[in-house]
Every structure is written in C-alpha cells, then in structure tokens.
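The structure appears below as structure tokens.
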2 protein chains.
Amino acid sequence: MKPIDIIIVDDHLLFSQALNGLVSNFKEFNVLTVLVNGKELVNYLSQKKQKPQIVLMDIQMPIMNGIETTKWLKENYPEIKVLALSMECDESTILAMLRAGAKGYLLKDIHPDILYHAINEVNTKGFYYTEIVTNSLLNTIDNPNNKETFLKERELEFLKLTCTENTYKQIADIMCLSPKTIENYREALFAKLNVKTRIGLVLFAIKEKIVIL
Amino acid sequence: MKPIDIIIVDDHLLFSQALNGLVSNFKEFNVLTVLVNGKELVNYLSQKKQKPQIVLMDIQMPIMNGIETTKWLKENYPEIKVLALSMECDESTILAMLRAGAKGYLLKDIHPDILYHAINEVNTKGFYYTEIVTNSLLNTIDNPNNKETFLKERELEFLKLTCTENTYKQIADIMCLSPKTIENYREALFAKLNVKTRIGLVLFAIKEKIVIL
DNA sequence: TTTTTTAAGGGGAAAAACCCCCTTTTTTTT
DNA sequence: AAAAAAAAGGGGGTTTTTCCCCTTAAAAAA
C-alpha cells in the first residue's frame, strides 16, 4: 500500500521538524517536505513538484498565514486536504479555517495517536472533526447575530485598512473608491457591528482576528 | 561518555512528544520523561526518581507554569539547569524567566541544530544566551525609552481608556482631568510610541498586551 | 420582469481628533 | 536650595471623523 504524502507547514521549526520525525515514524505516512509559511507552499506547488494528499498546517505564520494559504489551496488544488494544527481554540479562528476549506482542526496539545488517526480519517473519509470543531459550528448556527459571516469581501478589506493609521481618505485611495463611499462602508459596519467609532471597528476586527497584530 | 539526562515539560503533547523523538535521536541525550506541567515535575522529583541535568521547559502551561516551576527548581534543585522553550518573545516574559533562574531561552522557531547546541552549552558551560535574550537585557538596562517602564501609571490608565469608544472628553471625565490635559497625554504618547493617531495608540496597547481583548 | 439589494457617490454640518506653542504648580533630582 | 522633570491646564487653529439624508447604476432575487 502506497504511503500518504504529507507536507508540514509551520513556522516553528523546532515543532515542525520534531513533528516530521513523529509522522515519519509511521510507515503509512511520507513527509514530502517541511515549510515555514504559506508562501513557501505556493512556491513548492508552483514548481510542479510532487503533490501531497494532506497538508498539516499551522495557522499563525508570518508572510502568509494558514487561513490565506488554505483558501489558496481550495482555489488551486482542491484535491489537497488541509488538516489545521493550532494552539488557538477560539471560535472565530476555527470557523475562519473551516470556511477557508480545512478538513480538520486539531489543537497542539493532543496525543500523537490522535494525529495519526486524524490523518488517516482525512485521507479516507475526507474530513476529521473533533468535538471542539462541532461545538464551534453549533454555536455559530444557532446564534443569529453571528457577526463574521455577514461581512462581505470588500467590507473586510475596508475593515483591515481601518486598523491602520491611514485616514479614511487614504483608505479610499488604496481601495480606489471615493471618500464618500468609504463613509458608507463605515456607517454600514457601525450598524452591523453595533459600534459607534472607528476604535470600535478596530477592537472588533482584532477580537475576531480579522486583523492579526 | 554518559548521556545528558533531560526532562521535557510542555503542555502541548504533540510538540513535547515530537520533541522527545527529536532529542532522543542524539545519542548524547537521554530523555527521562515528558511531563505536561510544572506540578508533574515537582511530583516526579519528589518521588526521588532519577534527576535530570537539564529541563526543557515551556512557559505557558496550565496549573503550574514555567516561571513558577523554574523558581521552584532554583530553590529545591539548583543543580538542575532550565532551558526555556517558548513561542513568546516579549521582553517581560524573557526577563521573568531569567530572573526565575533559566539558563537559556529559545524560541520554538529555531532550527533543531540550535537546540542541540544549546543543550550541550548549558550542560558544559552552564548557560546559553541567544541574541534575543541579550537584546532584552540591553533594552532593559540602558534603553531609557524602553516602552513599558517609561509609561507611567496615569499614562497607562489613559492608554487603556483610549482603547474604548469613549471620546477624549469622556476619558477626561473618567480620569477627572481637563480635556486639555488629556490632549497632553495623547500628544506625549504619540511622541513616545511614535504613532500619529488614536488608532496607533490602540494598536500599540493591544500589541503590548496593555489591554487584553 | 418587476422589485429589492448592493455598490458607488454626494451635500452639509457638528463633533472629535489632531497640532503647536504656552503657563503654573508640584514633585523629584541634583 | 536651585534646577529639572512631571503633572495639570489652556488658546487657537486645521483636519478628520461622525452623522443624516439623498441619488444613480448595476446586480440579484422574486
């Protein structure tokens, strides 16, 4: 039986290298490479190298984080399955990752055996969802004022720029919109997020990890 | 030559188990056990089991964290050397750990070879300090504009209120100061923190964990 | 195909934030 | 005891943000 090809993407070299050893111990798994951020994965795959079945992906990474990378994979290599490996267990991160297309979400404090099981499940069944994930989903479903889902792409873009020292005029330039249109975005978000000031927008964005500091 | 006995203390099982494999690959090292928090280490040592020369210690752990545990070791087993392994690189954590008695401080994004080198150095020379540690020390000692220390109580209070939807006028009321005085605080912080807008203050405060969301 | 929603833009005005330069009093250093 | 630093307050100004109410064109839904 052919082993499952895996790529590890994590900026904590000590962890990823150690994980490499751990995963490689199982003869069912074959680690193709260990990369330190999403950009490296994009480069790797662009070079027509061997494609993995599964990517073990960290979320917080410099340059290109796990969420962006997973989105990119869904667009360009939908057959590659992403298993998220993170220390974060806050709902918004989990949901962002699932929405981006992750097939599973594991915390780094799990036992190695669970990782072994999860990789196999993702490979055969296509997904592996732990209790933590299902709980997040349930919370979101029956909570109608669930903020994130109803923020559109362009609004997110605006929100991210709001969390900088740019004035709205500068944001308008960056987004190629009129300052007045930007005001509409602002007011729309004020209403949706139930805040009254730009500071409120920034706090929301950071709390929900729409921007990461 | 006798191998160096090591204990790994880290609550991220996936990491610690993987690290175990990594460290055990070197025949110079012998991992006695892997524990998930400081309390377990205290129990382990109390049972008169084999003492390690070196403890690889995480900082953020439930029940008994790395700083407390390192302090306890310094009191009770000063001959055991602690090498801190952390993802945090903020000055205050590093300093707290050094003050507690750690003989070295490594970030988890280092290359495994550096860990190998660090363990050997700690064992023979008694310490291993990377650039990140020395930089922290230097910053604290001779840098007068070392962010945290030179923010005064009242400025911190102001900064925290700045990270709310209160206007400066409201902040003035809360702090029982004139709005004009508040403006002075603002301008002083702009200069000190090298930002230009209230948003900049908020981002700084959150980044430095002066306010926690 | 009509209706509704979304995206884009705008006028005008009040409030808040930003900026620079200044005084007085108290506390701390030297 | 004199000098320096910190804490509090202010004048007068520009820019930015906030707010409300309005238009048009395109896209999506009914």
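Just so you know, these numbers come straight off a predicted model, no measurement behind them. Quick note on labels: first sequence line is chain A, next is B, and so on, each numbered from 1.
Here the side chains of B:Y77 and B:V82 are not in contact, with every heavy-atom distance at 4.5 Å or above. Side-chain contact between B:L56 and B:I54 is present, with at least one heavy-atom pair separated by less than 4.5 Å. Counting heavy atoms from C-beta outward, B:K160 and B:E157 have side chains that stay 4.5 Å or more apart.
Side chain of B:N76 to main chain of B:W72: a donor-acceptor pair is present (N/O by atom type, distance under 3.5 Å, no hydrogens or angles).
Backbone-only contact: B:Y185 has heavy atoms under 4.0 Å from sugar-phosphate atoms and none from a base.
Taking both residues in full, the closest heavy atoms of A:M61 and A:V9 are given as SD-CG1, 3.6 Å, listed atom of the first, atom of the second, then distance. In terms of heavy atoms, B:Y105 sits closest to B:S86 at OH-OG, 3.5 Å. Nearest heavy atoms, A:F15 versus A:K108: CE2-CE, 3.6 Å.
Side-chain contact, A:D5 with A:Q50: a donor N or O sits under 3.5 Å from an acceptor N or O.
In the 5' to 3' direction, nucleotides of DNA chain C lying under 4.0 Å from heavy atoms of chain A begin and end at C:dA7 to C:dG12. In the 5' to 3' direction, nucleotides of DNA chain D lying under 4.0 Å from heavy atoms of chain B begin and end at D:dA7 to D:dG12.
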Does B:L14 form a side-chain contact (heavy atoms from CB on, under 4.5 Å) with A:L19? I'd like the steps, not just the answer. CA-CA 8 Å; B:L14 201 56; A:L19 186 66; 4.1 Å; yes
Using residues 166-177 of chain A as the side-chain source, report each donor-acceptor pair under 3.5 Å to any protein atom, sequence neighbours left out, with the distance given to one decimal.
from, atom 1, to, atom 2, distance (Å)
A:N166, ND2, A:T164, OG1, 2.8
A:T167, OG1, A:K169, N, 3.4
A:T167, OG1, A:Q170, N, 3.2
A:Q170, OE1, A:T167, N, 2.8

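Bending across the helix from C:dT1-D:dA30 to C:dT30-D:dA1, expressed as the angle between its end axes from five pairs apiece, amounts to 60° (10° rounding).
Geometric assessment of B:K196 against the ring of B:F190 yields a negative cation-pi assignment under the 6.0 Å and 45° thresholds.
Interface residues of residues 159-167 of chain A facing DNA chain C, ordered by number: none; criterion, heavy-atom separation under 4.0 Å.
Taking the six-membered ring where tryptophan is involved, the planes of A:F26 and A:F29 are perpendicular, since the angle between them exceeds 60° and thus also 30°.
With sequence neighbours left out, A:H117 forms a ring pair (Phe, Tyr, Trp, His ring centres under 6.0 Å) with A:Y128.
Annotation: of the two residues near DNA chain D, A:V195 and B:N184, the 5′-most nearest-nucleotide partner is B:N184.
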